[in-house]
Amino acid sequence: MEKNLEHSLDQLINTPGVYGCVFADRHGLCLGMKGETTTNSAGIIGAIAEEALKIEPNSKPPVIHFENDNRSCTIQRIGTITGAIFKNLQS
């Protein structure tokens, strides 16, 4: 599994506009990160995904998207892993 996560992180960070990505487990433990992010963000990302599940508990996990004028963060849980992708927005 570790090689799959590392491969996914490498693919994500090499995507145009992506400046950071992080994967966390159900407990917010950082499983891997690349780019301009920190392992500390894994806990917050996990908590956001966990809280979002409570909005519609009988549905599949939602995709959470935050955006400001020039950057965005997309969070999604798949199975027991939560991922976040940080992107620069095009002007």
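Values below: every heavy atom of this structure, side chains too, minus hydrogens, waters and symmetry copies.
One distance of note links CD of E36 with CG of N88; it measures 7.5 Å at 0.5 Å rounding. Rounded to the nearest 0.5 Å, atoms NZ (K3) and CG (D10) are 12.0 Å apart. Of the inter-residue distances, the one linking L89 atom CG with N68 atom CG reads 7.0 Å to the nearest 0.5 angstrom. Note that CZ of R77 is 9.0 Å distant from CG of D25, once rounded to the nearest 0.5 Å. With rounding to the nearest 0.5 Å, the separation of OG1 in T82 from CG in L31 is 9.0 Å. The CD1 atom of I45 sits 4.0 Å away from the CZ atom of F86 when rounded to the nearest 0.5 Å.
V18 and V22 are not part of a single hydrophobic cluster, where members link through side-chain heavy atoms under 4.5 Å apart. Hydrophobic clustering of Ile, Leu, Val, Met, Phe, Trp and Tyr side chains at less than 4.5 Å, counting indirect connections, keeps L12 apart from Y19. The hydrophobic clustering, which links ILVMFWY residues whose side-chain heavy atoms are closer than 4.5 Å, places F66 and V63 apart. Note: the hydrophobic cluster containing I48 does not contain I85 (ILVMFWY, side chain heavy atoms under 4.5 Å, direct or indirect links).
Residues I64 and A52 approach most closely at CD1-CB, 3.7 Å, considering heavy atoms. When all heavy atoms of A84 and I75 are compared, the closest pair comes out as CB-CG1, 4.0 Å. Listed here is the closest heavy atom pair of T39 and C30: CG2-SG, 3.8 Å.
In this structure, the side chains of L53 and P62 come closer than 4.5 Å at one or more pairs of heavy atoms. When side chains are defined from C-beta on, L5 counts as touching I81, because their heavy atoms get closer than 4.5 Å. Between S72 and H65 there is a side-chain heavy-atom pair separated by less than 4.5 Å.
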